[in-house]
Amino acid sequence: MDKSNRPFFSNLKCRECGKLYEKKAIHVCEYDFGPLEAAYDYDAIRTSISRAAIESRPQTMWRYRELLPIDGEPTVGAQVGFTPLVKADRLAAKLGIKSLYIKNDTVNYPTLSFKDRVVSVALSRACELGFKVVACASTGNLANSVAANAAAAGLKSYVLIPADLEQGKVLGSLVYGTNVIGIHGPYDQVNRLCSEIAGKYGWGFVNVNLRPYYAEGSKTMGFEICEQLGWRIPRHTVAPMASGSLLTKIHKAYNEFVKVGIVEDAKFSVHGAQATGCAPIAHAMQRGTDIVKPVPKPDTIAKSLAIGTPADGYYAIHAMRQTGGGAEDVTDDEIVDGIKLLAEHAGIFAETAGGVTVACAKKLIASGKIPRDEEAVLCITGHGLKTQEAIAGKCGELRLIKPSLRDFEEQIYNPDMAATA
Amino acid sequence: MNMTDKHRLWLMFPTKLITRPIIWELGKKFEVITNIRQCSVNEEIGLVSLELEGDRDEVKRSIAWLEEQGVKVEPVEINTIEG
Ligand SMILES: Cc1ncc(COP(=O)(O)O)c(C=O)c1O
Ligand SMILES: [Zn+2]
């Protein structure tokens, strides 16, 4: 905490009109219904924060706590974050780019996706605001993370999910003893139900009334990338988009680090990745507009990204345009190829969202939007064990033999042919 | 009127409805108070943020009517489902 007792995190602020609000469980402006966002006292932070101070702290996302929207110390998910940034030379060669890094949030703690970052902030804040029950509506990863972190913190939780999710994601919530509710029906009706529940019961709804806090957690992915690159902003960053929040917040993180004097100002571009079967943001980018047309029936194996009415689509488009970034979308087959490319060339098993990011990066490099002689960081945000259905039967088969050397040499490895194998 | 409710909504008007005074019609047809907070219109789409106040059932009926006319009606929490 700041010794002068001037809080670093000062207010919530309307993104449309700039009106300031108290730091409560609210998320829209009373005047224009614009979204509220956390606001900080950057001057105070600038005089207090330093690279050395950050480096002296535990290797978790909370080492950047001056730029996170809670008042005290984190009480939920204090160990989240600081996942590896991997230099992926073999994948770089394959995609034809000089320098490539993978920000590997497939191994984020505890539920193997970047959502642990946002949930750690949301639930820590929920505890500060006195909530005893927390809830979310999610296509899977967020549900897993709310369930796990709520269990650890002793909060009661409800998670609402679409009725047709992958087994891994359903079990990955149920195991924590949370209330898992599968909802049949079109997404816009599910949305309406959730906003009614959030309004009615006074629960901490992670992505509704706690959204201004929740969303800030994604910034830590951007902070870590800068620190792990030796305190600088990468030239290109590619992020998957569902609501568009992660991309928007990585952009904010880079700008904040410049603002508080932690990194030097440098030209950077953020690029967005979506699946063709649900690409409202990428398609708006490609059409050259900032009007995001809802996708009423998303149809893609990248279920974690299947958000037809992206809440932050407009802001994501502006972040990409303003930084000279681009957006791509890829088919289900390209997503599977992306998962395999990453696994075979970097040894990282990502979920479908990771396949989307790799496949879109490949297109951005091929089209010259990301020049071949520059560097890029790919945000790989969730683990492949959660979406095994997507690649089952598409990456080779188990070969069965008897326990005999003869069988082995006949069917698997023939030393005489090995030179050519 | 019994229980009154305030609903915060986003209305999306397709091109063909942009020139029709739908919110005025709504106020005439139903016992609801309409309060516009923000709007933007271009050649493709019209967006209006609207507070709708009135008896719960009357509000429900007026939303259903808007949808029948071809207006897309969303709570301000446009997207409560996340990844
Ligand atoms: C694995 C994964 N990656 C990326 C995203 C996209 O996040 P956002 O909604 O912030 O765009 C999600 C969920 O939304 C996700 O589950
Ligand atoms: Zn406002």
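We name chains A, B, ... by the order of the sequence lines, and we start the count at 1 in each one. Just so we're clear, the structure is a prediction, and the values are computed from it rather than from any experiment.
For E16(A), the part sitting under 4.5 Å from any heavy atom of chain B is the side chain, from C-beta outward, and nothing else. Neither the backbone nor the side chain of P35(A) comes within contact range of chain B; no heavy atom of the residue lies under 4.5 Å from a heavy atom of that chain. Of the two parts of L142(A), the backbone and the side chain both hold a non-hydrogen atom closer than 4.5 Å to a non-hydrogen atom of chain B.
Among residues two or more places apart in sequence or in another chain, the side-chain hydrogen bond (donor to acceptor under 3.5 Å, both in side chains) test is passed with S138(A) by none.
Closest non-hydrogen pair, D32(A) versus W10(B), comes out as O-CH2, 4.4 Å.
Annotation: the span from R37(B) atom CZ to F33(A) atom CZ amounts to 4.5 Å, rounded to 0.5 Å.
When side chains are defined from C-beta on, M12(B) does not count as touching K293(A), because their heavy atoms never get closer than 4.5 Å.
Of the listed residues (S195(A), C136(A), S304(A), C29(A)), the greatest number of heavy-atom pairs within a distance under 4.5 Å of chain B belongs to S195(A).
Using a 4.0 Å cut-off between charged side-chain N and carboxylate O, R211(A) and E82(B) make a salt bridge.
Remark: the Q38(B) side chain and the Y31(A) side chain contain no N/O donor-acceptor pair separated by less than 3.5 Å.
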